[in-house]
Amino acid sequence: MYAFIQARMGSSRLPGKMAMLLPDGKTLLEAVIARLASHDVTPVLLTTKQPADDSLAQMAESHGISVFRGDEIHVLSRFTEAAAHFGIAENDFVLRICADNPYLSHYIIDQTLAACEIRPTMDYISFGYAGKPGIKHHTGIFVEAVKVAALQSLVPKNNPWYNEHVTIGLYENPNQYAIAILTIPEDWQPQFEQIRLTIDDQDDWNFCLSTYPQLAHLDFPAQRNLLLSEKSWVTLMENQINKYQK
């Protein structure tokens with residue numbers, strides 16, 4: 001299955017974050033690529049045509065990763081055009097990967113791939129918590145599986161919200177699309193919403209730098225258990241969660 005990694009250098013909250021270096025010398029983008037390496041997927045970088053993203057394209061290609069460059073704002077079209085470019089059938093799934101998540105869960109990736117095999121009639125599959133898909137959480141460990149035809153059906157609507165957020169037009173319309181939100185394992189759930197590992201701004205990045213050496217070799221929920229064991233880490237995560245609470 002193709003795994004479309006959505007990334008660009010023009011982040012409004014933390015410009016250039018994709019090329020920022022982690023303690024092991026990897027960039028944020030390279031950490032995501034490395035996280036996918038042990039899974040049965042074909043990663044592709046989906047970035048923009050902006051000159052600022054030339055370096056991202058070069059970085060991906062240096063790791064043998066194919067690149068597709070599309071519209072900066074109309075991200076949905078970037079996905080549908082990439083699917084057409086790579087000859088992906090309308091009835092096939094692709095994985096959507098947000099590149100500001102260096103701790104993608106190996107378990108989640110494998111189980112999402114398995115769910116696509118078991119439930120091929122779905123339009124959208126994601127693990128989540130409390131009925132909410134993973135993309136709506138700040139944990140930063142999730143991927144989304146989405147049917148190409150379902151994405152294509154959103155394009156004619158030309159809804160700016162759908163165009164920017166790619167999959168939201170699917171999971172927010174469960175009467176129109178076949179949606180499967182799979183519940184995370186029960187032993188992950190205690191204090192799950194206290195964990196924040198995604199990287200939106202400088203404070204998230206600083207937290208990542210301080211915790212990466214301890215967390216990078218772990219998968220969830222071992223990461224959660226370690227983070228909750230350190231009071232100062234809990235406080236830092238809580239501050240960021242409160243900042244972005246909707």
Side-chain angles (χ1 to χ4, degrees), residues 1-8 17-19 26-48 53 56-71 75-120 122-128 133-137 139-152 154 165-168 170-171 180-182 184 197-199 216 219-220:
M1 185 185 299
Y2 280 86
F4 285 173
I5 305 170
Q6 178 182 330
R8 65 187 179 106
K17 67 181 175 182
M18 288 297 116
K26 292 187 184 75
T27 64
L28 182 54
L29 176 60
E30 288 172 326
V32 172
I33 291 172
R35 205 77 178 172
L36 294 171
S38 61
H39 301 279
D40 187 19
V41 297
T42 301
V44 176
L45 172 66
L46 265 59
T47 192
T48 83
D53 290 322
L56 285 188
Q58 293 165 4
M59 190 187 306
E61 289 168 347
S62 73
H63 289 275
I65 305 298
S66 295
V67 177
F68 181 85
R69 304 184 71 165
D71 193 273
V75 190
L76 174 61
S77 72
R78 206 189 307 168
F79 274 71
T80 56
E81 290 170 8
H85 176 81
F86 290 102
I88 304 172
E90 292 183 356
N91 204 41
D92 284 348
F93 288 100
V94 295
L95 288 187
R96 180 189 180 206
I97 310 292
C98 292
D100 46 10
N101 296 327
Y103 298 119
L104 298 171
S105 165
H106 294 299
Y107 175 90
I108 290 289
I109 294 171
D110 283 338
Q111 291 301 309
T112 302
L113 293 173
C116 291
E117 293 288 333
I118 296 168
R119 308 181 74 170
M122 293 293 107
D123 293 311
Y124 176 90
I125 299 174
S126 172
F127 274 82
I135 191 70
K136 299 288 282 184
H137 292 280
T139 323
I141 62 171
F142 294 99
V143 301
E144 300 172 284
V146 58
K147 194 75 66 65
V148 171
L151 291 178
Q152 291 172 336
L154 293 175
H165 297 284
V166 184
T167 57
I168 197 168
L170 303 179
Y171 59 76
I181 307 299
L182 310 177
I184 58 172
L197 293 172
T198 196
I199 298 173
D219 200 23
F220 210 85

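Side chains included, hydrogens not; waters and symmetry mates left out as well; all remaining heavy atoms used. Throughout, residue positions are numbered sequentially from 1 according to the sequence presented.
At least one side-chain heavy atom of His39 sits less than 4.5 Å from a side-chain heavy atom of Asp110. Contact of the Arg119 side chain with the Leu182 side chain is registered, since non-hydrogen atoms from C-beta on lie closer than 4.5 Å. Looking at Lys147 and Asn91, their side chains come closer than 4.5 Å, going by heavy atoms from C-beta outward. Contact check for Leu46 versus Val44: side-chain heavy atoms found under the 4.5 Å cut-off. With contacts defined as side-chain heavy-atom distances shorter than 4.5 Å, the pair Tyr171/Ile135 qualifies. Val148 is not listed as a side-chain neighbour of Tyr2, based on a closest heavy-atom distance of 4.5 Å or more. Between Ile125 and Cys116 there is a side-chain heavy-atom pair separated by less than 4.5 Å. The side-chain heavy atoms of Leu95 and Leu113, taken from C-beta on, include a pair separated by under 4.5 Å.
Taking CZ of Phe86 as the start and OG1 of Thr42 as the end, the distance is 9.5 Å to the nearest 0.5 Å. A distance of 11.0 Å separates CG of Leu154 from CD1 of Ile168, quoted to the nearest 0.5 Å. Atoms CG and CG, on Leu36 and Asp40 in that order, are 12.0 Å from each other to the nearest 0.5 Å. Here Glu30 contributes atom CD and Met59 contributes atom CE; the two are 5.5 Å apart, rounded to the nearest 0.5 Å. Atoms NE2 and OG, on His137 and Ser126 in that order, are 8.5 Å from each other to the nearest 0.5 Å. In this structure, CD1 on Ile97 lies 12.0 Å from CG on Leu45, to the nearest 0.5 angstrom.
Remark: His85 engages no residue in a side-chain hydrogen bond (donor to acceptor under 3.5 Å, both in side chains) (not counting sequence neighbours).
The shortest heavy-atom contact between Ala7 and Arg78 is O-NH1, 4.1 Å. When all heavy atoms of Arg69 and Asp53 are compared, the pair lying nearest together is NH2-C, 3.5 Å. The two residues Ala180 and Met122 have their closest heavy-atom pair at CB-SD, 3.7 Å. Of all heavy-atom pairs spanning Glu144 and Thr167, the tightest one is OE2-OG1, 2.7 Å. Closest non-hydrogen pair, Asp100 versus Thr198, comes out as O-OG1, 3.6 Å. Between Ser105 and Asp219, the shortest heavy-atom distance links the atoms CA-OD1, 3.2 Å.
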Chi angles and distances behind the side-chain contact (heavy atoms from CB on, under 4.5 Å) call for Ile141, Phe127: CA-CA 10 Å; Ile141 62 171; Phe127 274 82; over 6 Å; no

Determine whether Leu170 and Leu151 satisfy the following criterion, side-chain contact (heavy atoms from CB on, under 4.5 Å), listing intermediate values before the conclusion. CA-CA 8 Å; Leu170 303 179; Leu151 291 178; 4.2 Å; yes

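Counting only distance, with no hydrogens or angles, the side chain of Arg35 and the backbone of Leu104 share a donor-acceptor pair below 3.5 Å.
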